[in-house]
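Data block below; observations after.
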Amino acid sequence: MKRFITIIVVMFLTSWYPLGHTQTRFGESLCQTSDFTCVTVKPEDSWESLFPNEQEQDIVRRINRMNISLRAGMTIAVPKNISRITIYDVSPFPRYIEPSGEKTIYVNQKLLAWGAYDDQGELVWWGPISSGSGHCKGIDGSCITPSGDFRVIRKQDIDCISTVFPVRADGMSGGAIMPYCMHFLRGFALHGSDSVPGYRASHGCVRMFIEDARWLNEEFITLPGGDSKGTRVIIDAV
């Protein structure tokens, strides 16, 4: 399955969709490769009807980097040997890296994915993301996800909401739902969302599948305190 990884890396290091235009979803670009079949969604189609097998459905969602509802006319990429692969086979991250001695979450904005590694350098789990779109209409400045080396500094549960977005003209801003948020820099956080659309679309936070954010929040990360500095988060630049 290394071929899947190579294809994805090469394609997205050599080309990327322009900001300010109709976005090309991640899966659409995979249609140019021989390992995938591309399906045009029909009006009656849904994730459940196209992929009744839950494991296969999860693989296709992750490959396409999206959890939004399917709409007629969408194009999604499906691996030709889907019945014989696992989620790790289509991971954009290597299964093992040089051990760092601490748990680390890597976020790759070009590949629209995150990967969680344990202290021994083994990939524990990975999933799709949607990071800062680059520009938000009606908001001063750019909607950019900061890149660099950070630590999770605080977290909240399913009831986490933003105190900043959406921005309202009357000044009563905030209220955006951010389940299982994990802040790593001021108001920037990793958090769950039911709007991971297959391209960068956030105000600057890192959106994840809700089930992934919950797992990270409850099972993987540690907060600062005692001997812990807080789980490390490394975010690549776009």
Side-chain angles (χ1 to χ4, degrees), residues 8-9 12 16-17 19 23 25-27 61-68 87 91-93 102-117 123-136 139 141-167 174-224 230-238:
I8 293 173
V9 171
F12 282 82
W16 189 244
Y17 50 75
L19 295 173
Q23 305 288 19
R25 298 184 194 278
F26 191 94
R61 284 176 183 256
R62 291 174 188 271
I63 284 173
N64 286 273
R65 308 294 197 263
M66 65 182 191
N67 63 356
I68 58 174
I87 196 66
S91 166
F93 299 96
E102 62 178 332
K103 294 186 293 185
T104 304
I105 301 169
Y106 290 91
V107 176
N108 189 313
Q109 295 190 76
K110 292 186 178 72
L111 300 181
L112 294 181
W114 64 270
Y117 285 87
L123 180 67
V124 183
W125 197 239
W126 74 275
I129 63 117
S130 176
S131 57
S133 63
H135 178 73
C136 294
I139 298 175
S142 299
C143 293
I144 297 174
T145 299
S147 58
D149 198 331
F150 308 98
R151 300 276 176 177
V152 175
I153 53 178
R154 63 181 182 275
K155 70 174 184 176
Q156 291 177 256
D157 58 18
I158 193 172
D159 296 320
C160 180
I161 61 173
S162 174
T163 58
V164 178
F165 296 104
V167 175
I177 298 173
M178 299 168 54
Y180 304 107
C181 61
M182 296 157 279
H183 286 86
F184 58 87
L185 176 69
R186 300 190 299 275
F188 294 99
L190 314 172
H191 68 79
S193 174
D194 58 8
S195 183
V196 179
Y199 53 83
R200 299 197 312 275
S202 83
H203 291 106
C205 283
V206 178
R207 299 179 189 171
M208 302 174 153
F209 287 9
I210 293 175
E211 61 268 30
D212 289 344
R214 179 177 181 177
W215 177 79
L216 284 170
N217 186 296
E218 297 180 350
E219 305 293 337
F220 188 78
I221 70 160
T222 54
L223 295 175
T231 299
R232 191 179 185 190
V233 179
I234 299 177
I235 303 178
D236 290 344
V238 176

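Note that the numbering runs from 1 along the sequence shown for the chain.
- Note on R62 versus D212: salt bridge recorded, some NZ/NE/NH1/NH2 to OD/OE distance being below 4.0 Å.
- Between K155 and I221, the shortest heavy-atom contact is CD-CD1, 3.7 Å.
- Cation-pi check for R25 over Y199 is not met; the charged atom does not lie both under 6.0 angstrom from the ring centroid and within 45 degrees of its normal.
- Taking the centre of each ring, Y117 and Y106 come in below the 6.0 Å mark.
- By the 6.0 Å and 45° rule, K103 stacks over the aromatic ring of F220.
- In terms of heavy atoms, N64 sits closest to G27 at OD1-CA, 3.3 Å.
- The shortest heavy-atom contact between S195 and I68 is CA-CG2, 3.8 Å.
- With salt bridges taken as basic N to acidic carboxylate O contacts below 4.0 Å, none links D236 and K110.
- Defined by atom type and a distance below 3.5 Å, a donor-acceptor pair is missing between the side-chain atoms of N108 and W114.
- Between R61 and P128, the closest heavy-atom pair is O-CG, 4.4 Å.
- Between E102 and R151 there is a salt bridge, since at least one side-chain N of the basic residue sits less than 4.0 Å from a carboxylate O of the acidic one.
- Note that CZ of F150 and CD1 of I235 are 5.0 Å apart. Values are rounded to the nearest 0.5 Å.
- For the two cysteine residues C181 and C160, the thiol sulfurs sit under 2.5 Å apart.
- Rounding to the nearest 0.5 angstrom, the gap separating the CD atom in Q156 from the NE2 atom in H191 is 11.5 Å.
- Side-chain atoms of S202 come within 3.5 Å of backbone N or O of S131 as a donor-acceptor pair.
- Screening V196, N67, L190 against M208 for a side-chain contact (heavy atoms from CB on, under 4.5 Å) leaves a single residue, L190.
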